[in-house]
Amino acid sequence: MEKTYQPQSIEAPIYQRWEENNYFAPSGNGAPFSIMIPPPNVTGSLHMGHAFQHSIMDAMIRRARMQGKQTLWQPGSDHAGIATQMVVERQLAAQNTTRKELGREKFLEKVWEWKGQSGGTISDQMRVLGDSVDWSKERFTMDPGMSEAVQEVFVRLYDEGIIYRGQRLVNWDPKLHTAISDLEVISEEENGFLWHFRYPLADGAKTADGKDYIVVATTRPETMLGDSAVAVAPDDERYQDLVGKEIELPLVGRKVPIIADDYVDKEFGTGCVKITPAHDFNDYEMGKRHDLPMINILTDDASINDNSPEKYQGMDRFEARKVIVADFEALGLLDKIDDHKLKVPRSERGNTVVEPYLTNQWYVAVETLAKPAIEAVENGDIQFVPKQWENTYFSWMRDLQDWCISRQLWWGHQIPAWYDAQGKFYVGKDEATVREKYSLGDDVELTQDEDVLDTWFSSALWTFATQGWPEETEEFKLFSESDVLVTGFDIIFFWVARMIMMTLKFTDKVPFKTVYITGLIRDERGDKMSKSKGNVIDPLDLINGIDIESLVQKRTYGMMQPRLAEKVEKNTRSAYPEGIQAYGTDALRFTLCSLASGGRDIKFDLNRLEGYRNFCNKIWNATRYVLMNTEEKDCGQSGSDVELSLADRWIISRLQQAESAVNKAYDTHRYDLAAQALYEFMWHEYCDWYLELSKPVLWDENATEAQLTGTRRTLVRVLEAFLRLAHPMMPFLTEEIWHRVAPLAGVEGETIMLASYPEADDSKLDHDAENDVEWLKGVIEGIRNIRGEMDIAPSKPLNILFRNGSEQDKARMLANTAFLQKLAKLETLTWLEKGDEAPMSATALVGDMEVLVPMAGLIDKDAELARLQKEIDKATKDLQRIEGKLSNESFVAKAPEAVVAKERAKSDDLKQAVAKLEEQKVSIESL
RNA sequence: GGGUGUGUAGCUCAGUUGGGAGAGCGUCGCCCUUACAAGGCGAAUGUCGGGAGUUCGAACCUCUCCACACCCA
């Protein structure tokens with residue numbers, strides 16, 4: 001074996017072997033266990049969040065597989081309508097053409113081409129990450145099977161009246177020319193203005209204070225072209241007399257009524273609100289209540305259309321805004337302009353300001369779907385982890401708007417609806433079916449709806465459509481009700497909720513029993529990783545390493561603004577002056593698992609990764625030690641006699657506890673605790689203590705063959721079990737090592753992937769051994785503490801005396817002399833009987849027993865006094881606190897007996913300790 | 001404005017039904033001891049955001065205030 005752990009050389013060949021041997025496919029006939037991957041955007045690449053989720057999913061899947069379940073981890077990708085179409089359109093723009101120029105068919109060919117080109121990136125990344133997905137089952141949301149399921153669902157929902165077509169106000173992206181759902185709109189506060197316009201009252205009407213106009217305030221002046229009312233609060237005295245009268249709309253010349261509506265806030269602005277039903281969601285509602293005309297003043301590009309005075313027609317909305325404000329001013333009707341912070345709705349894709357726009361779209365009426373979806377979570381059929389997220393889910397589900405599912409795009413599932421020449425539409429799987437279903441003769445010309453469905457409409461069917469639905473296939477029965485969904489909280493609404501609704505509706509099953517919500521990975525400063533900030537880390541760069549120049553280039557590539565690129569470069573160079581080292585997949589995966597504590601935000605810290613890379617190296621080197629001492633020697637595989645040492649019995653007992661801690665952590669989805677338990681056991685018990693304790697046995701010339709075999713057997717068996725225990729989180733390293741270790745432990749198998757997952761065996765717990773080793777560690781640590789504090793070189797052998805010990809102490813000393821000599825580097829150990837003289841010594845306490853390190857020639861008097869004082873202070877402080885408790889009558893009377901007894905015992909121990917330390921201090925002082 | 005979450009060692013975070021404040025990284029000291037310097041041994045470090053309450057006892061439960069983050073309107 002190499003002297004240090006070199007991940008690069010072991011990982012790729014191992015994955016290839018796993019894949020070639022088809023270990024990832026479901027096998028056996030255990031209970032089914034499945035996870036459906038949240039399908040990533042097919043033309044994208046995996047980021048840290050994916051790496052995080054995949055690490056957890058793979059850990060779950062690998063453990064389940066090792067537990068003998070029939071496991072399926074279903075891979076696949078999503079066609080990501082808008083995102084993908086935008087990428088390809090950008091490519092076309094670079095070639096000076098557009099999708100319209102190409103035409104729909106040619107354009108789609110281009111998209112498929114691009115998909116073929118970039119689609120492999122993600123699967124390559126997944127292989128590097130070690131994902132044990134069943135590649136033979138890989139699906140794409142535009143696969144024929146998926147498309148069929150999408151059509152089926154659409155038609156059935158339409159036939160049931162759940163899908164309908166209607167004219168509604170939608171969020172319109174004027175650049176992409178498509179409707180988008182509420183969820184795709186990001187509203188953030190921006191600096192803007194509140195313009196106050198004077199609207200002259202018609203027919204000589206006057207306000208209460210004698211003015212011939214009223215003032216309305218608006219953040220979007222251009223919409224005034226479509227005003228169809230002015231509203232005031234019904235109980236607003238200022239305007240009560242004006243309700244029912246009219247104003248004359250400036251620039252337009254239309255007379256519009258003044259109406260009263262509860263929606264109006266008297267306190268905001270002037271208390272008068274202009275109402276533009278066709279261009280504002282609130283106004284739209286009010287328009288419906290008051291039966292106001294809906295005057296659309298925009299085109300698809302958000303320019304002013306023909307419904308407006310000629311002067312403004314064809315102007316862009318923002319240009320029109322300027323002109324209209326200027327015109328108001330010229331008319332003396334601009335009352336004032338205030339600075340104003342407002343939420344500006346922007347499209348998630350492309351950042352364009354979104355317009356509420358009146359169009360015909362397809363909708364899903366979600367009410368009937370939502371009810372069972374809420375119940376499934378209420379009654380526990382589906383559980384969120386952490387549970388907190390159920391509230392988020394409920395609050396959204398209980399206030400659900402109908403879902404606009406049509407998109408004016410070309411890339412996606414084209415809507416299975418056909419129009420005749422009169423614009424009447426018919427819904428069915430394909431044209432022939434439609435003709436038959438609606439008895440339409442060949443003379444009726446039909447054209448299919450141009451629009452496509454929202455991407456989330458198809459991904460909502462993911463768990464069952466990937467398993468062959470609507471056919472009742474074997475896979476469908478086994479796996480479509482998956483065990484866990486692992487995803488981020490940002491798509492609870494987009495995806496999780498919609499999957500639950502659709503799956504319940506069409507299969508009567510839940511899509512998953514548990515939703516495990518991960519935190520969001522942020523950079524080391526806590527900022528969200530984003531391309532524009534240039535703080536994105538590619539998980540592959542952590543695995544393979546990257547030099548600083550390549551990293552800078554990668555982060556600044558394709559940035560629109562040179563100024564940003566400069567900043568990104570500067571930050572990158574200061575954060576990673578030397579680039580990033582290659583840490584390997586296992587270290588990354590283990591790190592990510594160790595961060596999965598259920599928190600919302602996770603700051604990713606390279607130091608943490610380095611620490612776990614070192615852990616991998618520790619395992620590697622511990623293995624080297626074990627192999628050196630066991631290979632080609634009898635390790636008890638064939639049943640020869642063995643005698644177990646105290647250390648052997650102890651580490652076996654500790655292993656059981658580690659196994660139960662890890663299993664419990666998995667069962668409660670606490671991957672951080674599982675990682676911690678593995679780390680703690682391997683490093684601080686197996687390496688720090690057990691390996692050291694094995695040396696005195698293995699190096700003892702007088703050891704019997706049974707003793708040697710016993711220790712060798714324990715060395716390999718415990719290591720082998722640990723490898724299986726750790727495998728789901730660090731698959732490559734454990735596989736690599738396991739092939740050398742397993743035969744020595746008498747375990748056979750082609751791969752650790754299919755070996756059994758360790759379960760604790762309580763019969764192997766050994767409390768006596770644990771107590772004995774605790775004692776042993778106490779003595780060794782006491783001596784080491786004196787060495788450390790007194791600057792006695794570790795190489796200097798010591799002569800130790802034990803005083804005031806019990807019979808049990810004496811027995812333990814005699815039984816463990818070899819261990820003590822080796823681990824504390826001792827020359828002699830002397831047991832003092834009562835009355836025996838002891839030289840002046842530094843003292844460590846182990847229970848009542850004193851461990852004495854003679855000072856002569858080694859220890860300075862003052863130094864020992866200082867050390868003693870420190871110990872005394874510490875013990876005294878503890879003692880005071882406990883005495884305080886015990887002297888409190890209520891505590892003694894009301895606290896449980898066991899608690900009181902425990903405190904009493906502690907108090908006694910501390911009193912004794914302080915007394916002994918004081919005694920020791922006095923005798924040293926008297927020197 | 002409504003809601004959710006977070007605040008524990010210099011940093012990143014654990015803390016399981018309320019009962020002795022922990023880990024990793026970093027820091028300091030000593031050591032290349034035949035697995036490992038990506039290491040070993042030892043040490044230091046906390047008003048558990050502030051305040052109040054419940055309780056014999058609060059990092060943990062209740063209230064309140066402060067700071068930060070996110071979601072919704």
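Every chain is numbered from 1 and lettered A, B, ... according to where its sequence line falls, protein lines coming before strand lines. Note: hydrogens, waters and symmetry copies are ignored here, and every other heavy atom, side chains too, is used. On a predicted model such as this, the values are computed, not experimentally measured, just so you know.
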Look at the side chain of E692(A) against the base of A35(B) and say whether a donor-acceptor pair falls under 3.5 Å; ignore hydrogens and angles.
yes

Between F615(A) and F590(A), what is the ring plane arrangement, given parallel below 30°, perpendicular above 60°, and tilted in between?
tilted

Can you tell me if K695(A) touches the phosphate of A35(B), counting only side-chain N or O atoms and a distance under 4.0 Å to OP1 or OP2?
yes

Using a 4.0 Å cut-off on protein heavy atoms (strictly under), produce a 5'-to-3' string for nucleotides 67-73 of chain B with B for base contact, S for backbone-only sugar-phosphate contact, and - for none.
---B--B

F394(A) CZ to G2(B) P, in whole Å, measures 23 Å

Is there a side-chain polar atom (N or O) of W683(A) under 4.0 Å from OP1 or OP2 of G40(B)?
yes

A correct dot-bracket answer for RNA chain B, with pairs being Watson-Crick or G-U at under 3.5 Å, [ ] for crossing pairs and | for inter-strand pairs, is (((((((..((((.....[..)))).(((((.......))))).....(((((..]....)))))))))))).

Hey, which sits more toward the 5' end of RNA chain B by its nearest nucleotide, I602(A) or C687(A)?
I602(A)

Where do Y686(A) and L719(A) come nearest, in terms of heavy atoms and distance?
OH-CB, 3.5 Å

Could you check F615(A) against Q388(A) and say which one's nearest nucleotide on RNA chain B is further toward the 5' end?
Q388(A)

Just N and O in the side chain of N391(A): are any of them under 4.0 Å from OP1 or OP2 of G3(B)?
no

Specify whether W495(A) and W456(A) have parallel, tilted or perpendicular ring planes, treating 30° as the upper limit for parallel and 60° as the lower limit for perpendicular.
tilted

Scan nucleotides 14-24 of chain B nucleotide by nucleotide, 5' to 3', and note B when protein non-hydrogen atoms come under 4.0 Å of the base, S if they reach only the sugar-phosphate, - if neither.
SSB--BB---S

Phosphate contact (G40(B) OP1 or OP2) by K618(A) side-chain N/O below 4.0 Å:
yes

Does C36(B) have its OP1 or OP2 closer than 4.0 Å to a side-chain nitrogen or oxygen of N614(A)?
no

Cationic tip of K695(A) within the cone over Y625(A)'s six-membered ring, i.e. under 6.0 Å and within 45° of the normal?
yes

Could you give the CG-to-P distance, from L798(A) to C30(B), as a whole number of Å?
19 Å

